[in-house]
Amino acid sequence: MKTNSRITFILRGLVATKLLMASLTISAALFLFASCSSKNDPSPSSAQVLETLNNQGFGNLITSISSLTPTSSTADLATLNPFLADKQIVALGESTHGTSEFVTLRHRMIRHMVQQLNFRVLSVETNFSTAQNINEYILGGAGTGLSAVQSIKNSWVYNNQEFVQLIEWLREYNNGQSAANKVTFYGFDNQTCEPSAKRVQAYISQFDPSYVSSFNTTSKHFLNDFEEYFTKYSNEQLLKILPTAVSDFRNQWNTINAYFQSNKAALIAKGGERAYELTLRHWKIVQQTFNGFIYVEDELKGFNYRDTTMADNVDWIQKFENSKKMILWAHAGHSGNNKSITTQMGYHLKQRYQANYYTIGFFTNGGTVRVVHEVNGAPVLGELKIDPKPEHTITQAFALGKWSQFFLPMSAINGNAELKALFDKPMKVYFIGSTMEKSTVEQRLGAEYDAIVFLEKTTGTKPN
């Protein structure tokens, strides 16, 4: 069944074209970001940008990154400590999902932040419930890093050798650490509800097996990700049916929620308070998923709804983990501090955590990227070349200036009027989600990020 693009945006984890829905596509959001830019204030050329950077001593404001190899010493990253050490949440936001060097550098940064800065939670842009498989593995569970990563339903974004290497390191680090000092792993997204419903089903099976039959009957739509809707109805019918079906889904959800509230004391006595609260969050993810169906025909409201719920999930994780310092791993289209037409997760977190939320955007000037693209009209996942573009004047200027890989805190330019004006200006950069649709957007780097990382040339992630 060929999917309608609007349904794909909200229901990408639920319909038949699984590859296109395999990760957290932000194509609609990219279009909306692009529509926010100034049309009357043309961007300067790369030569003009370079001249401004040179004249204002830009090279003295950046911190060079010595290595992109995840296992290399992190000593050079100590220069980032003044910017990261006192933060509650640090977001590492990639401008392109399928970029190897973004993964390996973040691996290095995570190692440094865990070992030197006492960060103890890593949360990534994937389904909350499937991410628990990775958490169980890094805390000493059975299996392998590869099997844990591949258990994330329909997500090619993390199914690569670089990410598996990070997961294996997290398990190695946790081995021998005290329980309070171990790193935990979470997802904060809600694009599919089957894994969440099955987590709740397993909990009830363990602690109240007499209720399993009732649970299965009431939750049948949630346990198979509404599959009967997608096999029975056309896209046109789904657009009409799903928003109105939400009322029924809510009644079903409320029935199970009432069961949990009525049986709270007994369930906690059997399984403990922490398992009970975690199960309630799995159930909340189910609700977040079907509530998104309301917006199947409104991309803007759908994007804003999703980012609001992701911020809510980050809040919940913070409380559940007793406010331990957290690293977020997401697309920059979610982790940035943007509120224009779209309202990003990062904006919500900045409002809630103020200076304790620090968002870093990772950008490239070109190379290759792993992405979904069309071949003879069919979606194919593979590596594509992304050439440096003349219109990407800021990244072109970085390359021309021989600043090939660096970290720039925006606080370094706050006292410089010319640099601040330059970085507050909308300028085009590569910004790629799951597909190549709208791969270039305009970003106000100084306004949307607390810092940026630039890597001049990057390559696609290596599939497992």
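With hydrogens and angles disregarded, no donor-acceptor distance shorter than 3.5 Å links the side chain of R120 to the backbone of K325. Between the K385 side chain and the G367 main chain, no donor and acceptor come within less than 3.5 Å of each other. Side chain of Y430 to backbone of D387: a donor-acceptor contact under 3.5 angstrom is found. Listed for the Q56 side chain is no donor-acceptor partner under 3.5 Å among the backbone atoms of L419. Proximity of a side-chain donor or acceptor of H331 to a complementary backbone N or O of S95 within less than 3.5 Å is detected. Proximity of a side-chain donor or acceptor of Y358 to a complementary backbone N or O of V90 within less than 3.5 Å is not detected. Here the side chain of Q344 pairs a donor or acceptor atom with the backbone of G333 at under 3.5 angstrom. Judged purely by atom type and a 3.5 angstrom limit, R171 uses its side chain to pair as donor or acceptor with the backbone of G141. Judged by distance alone, with hydrogens and angles left aside, the side-chain atoms of T74 form no donor-acceptor pair with the main-chain N or O of R108 at under 3.5 Å. Formation of a donor-acceptor pair under 3.5 Å by the N160 side chain with backbone atoms of K462 is not found in this model.
For the atom pair CD (E162) and CG (N464), the distance works out to 8.5 Å, reported to the nearest 0.5 Å. Here the OH atom belonging to Y347 is positioned 10.0 Å from the CG atom belonging to N338, to the nearest 0.5 angstrom. Taken to the nearest 0.5 Å, the OG1 atom of T459 stands 10.0 Å off from the CD1 atom of I386. Interatomic distance, N365 CG to T395 OG1, rounded to the nearest 0.5 Å: 4.0 Å. With rounding to the nearest 0.5 angstrom, the CZ atom of F293 is 9.5 Å from the CG atom of L238. F363 contributes atom CZ, which lies 11.0 Å from atom CD of E94 (distance to the nearest 0.5 angstrom).
For Q318 against K324, the heavy-atom pair with the smallest separation is NE2-O, 2.7 Å. Closest approach of V369 and M436 over heavy atoms only: CG1-SD, 4.5 Å. Smallest separation of non-hydrogen atoms from S100 and G460: CB-O, 3.5 Å. Residues P409 and L61 share a closest heavy-atom pair of CD-O, 4.1 Å. Closest of all the heavy-atom pairs between A131 and G187 is CB-N, 3.1 Å. The two residues K350 and Y357 make their nearest non-hydrogen contact at NZ-O, 2.7 Å.
The side-chain tip of R106 does not point at the ring of F163 from less than 6.0 angstrom away and within 45° of straight on.
The shortest distance between side-chain heavy atoms of F423 and K420 does not fall below 4.5 Å. With a 4.5 Å cut-off on side-chain heavy atoms, T192 and T130 do not count as touching. You'll find the side chain of M427 reaches within 4.5 Å of the side chain of L422, heavy atoms only. Contact annotation: the side chain of L300 approaches that of I341 to within less than 4.5 Å [non-hydrogen atoms, C-beta and beyond]. The closest side-chain heavy-atom distance from Q150 to Y158 is not below 4.5 Å. Annotation: side chain of L92 is in contact with side chain of I110 (closest heavy-atom distance under 4.5 Å). Between W403 and L408 there is no side-chain heavy-atom pair separated by less than 4.5 Å. Between V371 and H97, every side-chain heavy-atom pair lies at or beyond the 4.5 Å cut-off.
Using modelled atom types and a 3.5 Å distance limit, the side chains of E101 and T458 yield no donor-acceptor pair.
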Under the side chain to side chain contact (heavy atoms under 4.5 Å, CB included) rule, what do S335 and L328 come out as? Steps first, then yes or no, please.
-> CA-CA 8 Å; S335 59; L328 295 187; 5.9 Å; no

How far apart are the C-alpha atoms of N127 and I285, what are their side-chain angles, what is the distance that settles it, and do they pass the side chain to side chain contact (heavy atoms under 4.5 Å, CB included) test?
-> CA-CA 9 Å; N127 178 271; I285 299 301; 4.2 Å; yes

Please assess V124 against F185 for the test side chain to side chain contact (heavy atoms under 4.5 Å, CB included), listing each intermediate value before the final yes or no.
-> CA-CA 8 Å; V124 310; F185 185 97; 3.7 Å; yes

For N174 and L139, run side chain to side chain contact (heavy atoms under 4.5 Å, CB included): C-alpha distance rounded to whole Å, both residues' side-chain angles, the deciding distance at 0.1 Å, then the answer.
-> CA-CA 6 Å; N174 280 338; L139 293 176; 3.9 Å; yes

Applying side-chain hydrogen bond (donor to acceptor under 3.5 Å, both in side chains), run through T359 and N337 and close with a yes or a no.
-> CA-CA 8 Å; T359 178; N337 177 29; over 6 Å; no

Quick one: do H334 and E125 satisfy side-chain hydrogen bond (donor to acceptor under 3.5 Å, both in side chains)? Show the steps, please.
-> CA-CA 9 Å; H334 297 298; E125 184 193 346; 3.3 Å; yes

Worked check of side-chain hydrogen bond (donor to acceptor under 3.5 Å, both in side chains) between H348 and T308 | CA-CA 7 Å; H348 292 294; T308 299; 3.1 Å; yes

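Electrostatic pairing of D312 and R352 counts as a salt bridge here, judged by a charged N lying under 4.0 Å from a carboxylate O. Ion pairing between E418 and K425 fails under the 4.0 Å rule for side-chain N and carboxylate O. A salt bridge does not link K339 to D307: none of the charged side-chain nitrogens sits closer than 4.0 Å to a carboxylate oxygen.
Taking the six-membered ring wherever Trp is involved, the centroid distance between the rings of W283 and F222 falls below 6.0 Å. The distance between the ring centers of F406 and F454 falls below 6.0 angstrom. Aromatic ring centroids of F58 and F398 lie under 6.0 Å apart.
Of the options N190, N291, D189, a side chain to side chain donor-acceptor pair (under 3.5 Å) to T309 is made by N190 and by none of the others.
For NZ of K457, the number of neighbouring non-hydrogen atoms (other residues, nucleotides, ligands) closer than 6.0 Å is 12 at most. With a 6.0 Å radius and a threshold of 12 heavy atoms from other residues, nucleotides or ligands, N414 has its CG atom above the threshold.
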